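Structure first, then comments.
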There are 2 protein chains.
Amino acid sequence: MHDPLAGKLSRYVPLSVADRMWLAEALGPARSIAARADIIDEGDDPHAVNVILEGWACRARQLADGRRQIVSLLLPGDSCNPHIFLLDRMDHAISAVTPVVYASIPGAALESLTARSPNLDRAFQREALATAAIQREWTVSLGCRSGIERLAHLFCEMRARLAAVGLATRTTCPLPLTQHDLAHSLGQTSVHINRTLQELRAQGLITLRSRRLTIHDPSRLAELAHFDPAYLHFTVGMDPPPIEP
Amino acid sequence: MHDPLAGKLSRYVPLSVADRMWLAEALGPARSIAARADIIDEGDDPHAVNVILEGWACRARQLADGRRQIVSLLLPGDSCNPHIFLLDRMDHAISAVTPVVYASIPGAALESLTARSPNLDRAFQREALATAAIQREWTVSLGCRSGIERLAHLFCEMRARLAAVGLATRTTCPLPLTQHDLAHSLGQTSVHINRTLQELRAQGLITLRSRRLTIHDPSRLAELAHFDPAYLHFTVGMDPPPIEP
DNA sequence: ACGCCGCACTCAAGTAGATCAGTCTTTCGT
DNA sequence: ACGAAAGACTGATCTACTTGAGTGCGGCGT
């Protein structure tokens, strides 16, 4: 997709041609950053909203003793928090998982944008609410899903979110996370992630090879994960609903 | 505190007398609800913002097989998501932990309120950002803190958040959660919570009796928990900073 | 085309926390 | 004031996941 930000926002509220134009105007120049580099550091003062255009990034917190937790994954079209510039200090870092292309919307530009278009304002608000819902679902996963369920759930979520910006089909999507990244996202060790992946493969549910995920049986995977896409709150142009046999 | 909503919002942005008056006007009549009852159910269509005036509530998700996770705790002054009415379906329930007194701000009233006072608008925005940060911190706890660290962290957070609305001193605060509630919040069983509590008591860090928590050594507890209050993003009228010896 | 380094993967202990099946204590309704 | 129920607490056993110390493959830079 050429404009993943408009693509994603239009999943929450239909956008007019003018909306898309204003959005494109507000976006600063595209910047590139290497895999594993930081887009913003913990402690920095955020003054703009960064939007991922290509590649994957993550929000991560690091404890004093080195333990690291990935608290969310940012895909093309995701923004690193609208209005984040209202806070004066980042409480987490945003790092590139793959090489990333991103652009910023300066605080003032975002405010004039939402003042001009109530539509866009609503879209940003709903996006923020959906992001919060995703964060809650991660809390649920860590709190009460087992290793295999967590992994299955993450795969279902990634496929669905990527599909929303045209980067996944019903059964396949990119998945450029290393087993270490998965471990840091799911609160487990990479050793255990490795075994759990093999279990999912042995059950014939997925293939994961050269950074690409294939889901052989989406409904069995969703069932295993207790995955219910309602929390993603996409309302416009959903994935076609599954056909009952 | 008589007006916990204004009290809490003024931790993010100083409020004028007019702001406080408008806020009070927008608030609907106070309603009471029994402990353990639901304020909103999963699946309901939210049409107003509920604000807790007295008592504790929680957001909770339930999986199909009965597993339950408390994803956040709502204290006096906390709102159940400004702008939540933009979504059409609750993805989680909000239930009372203790008897709760709450009031609603209808969607339209909130919108005219934020249109009238940019100050209040900012305060709500910052509150939403702080709420998101708290959710991320819970993700971190579940992802990489041990049982005893999680419990210590929760205690530090609750004391700090209650202090922000005048309901806690430096060393003591109400804590009306059962060991079952703690278990559901921290992704563990009540059996294990019980043992962990005893460990905290044995180390002389806390007393927890008849729904009241006393922290005997706040800085040792914070250290154990890796608790850094920065993520709460209170900026106005912080707890006085600790005095270096 | 070669060497290197990150990543996937393996094995053998060790452990935090779960499970189950209780007893004891406090709270609360009538 | 009494009984019932909710909550706190215990002990024995079990297991999902961690730890640490590896091997081998494959993709990347020079």
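As the structure is a prediction and not an experimental result, all values here were calculated from the model. Throughout, a chain's letter reflects where its sequence line sits, starting with A, and its residues are numbered from 1.
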Rounding to an integer number of Å, can you tell me how far [X] [atom1] sits from [N] [atom2]?
X      : N      : atom1 : atom2 : result
B/H180 : C/dA18 : NE2   : C1'   : 13 Å
B/R211 : D/dG7  : CZ    : C1'   : 9 Å
B/L186 : C/dG17 : CG    : C1'   : 13 Å
B/R209 : C/dT27 : CZ    : P     : 11 Å
A/H184 : C/dG6  : NE2   : P     : 15 Å

Cut-off 3.5 Å, side chains only: do [X] and [Y] have a donor facing an acceptor?
X      : Y      : result
A/R150 : A/S141 : no
A/R212 : A/T172 : yes
A/E127 : A/S79  : yes
A/R211 : A/T98  : no

Out of [options], which has the shortest distance to the side chain of [X]?
X      : options               : answer
A/R195 : D/dT19, D/dC17, D/dC9 : D/dT19
A/R201 : C/dC9, D/dC9, D/dT18  : C/dC9
B/Q188 : C/dC11, D/dC9, C/dA18 : C/dA18
A/N194 : D/dA8, C/dT10, D/dC17 : C/dT10

Regarding B/T178, tell me which of base, sugar-phosphate or nothing describes its non-hydrogen contacts under 4.0 Å with the strands shown. sugar-phosphate
Using a heavy-atom cut-off of under 4.0 Å over every strand shown, decide if B/S146 touches base, sugar-phosphate, or nothing. sugar-phosphate
Starting at the 5' end of DNA chain D and moving along, which residue's nearest nucleotide shows up first, B/S190 or A/G187? B/S190
Within less than 4.0 Å of OP1 or OP2 of D/dT10, is there a side-chain N or O belonging to B/Q198? yes
Walking DNA chain C from its 5' end, the first of B/V191 and B/T196 to be reached, judged by nearest nucleotide, is B/T196
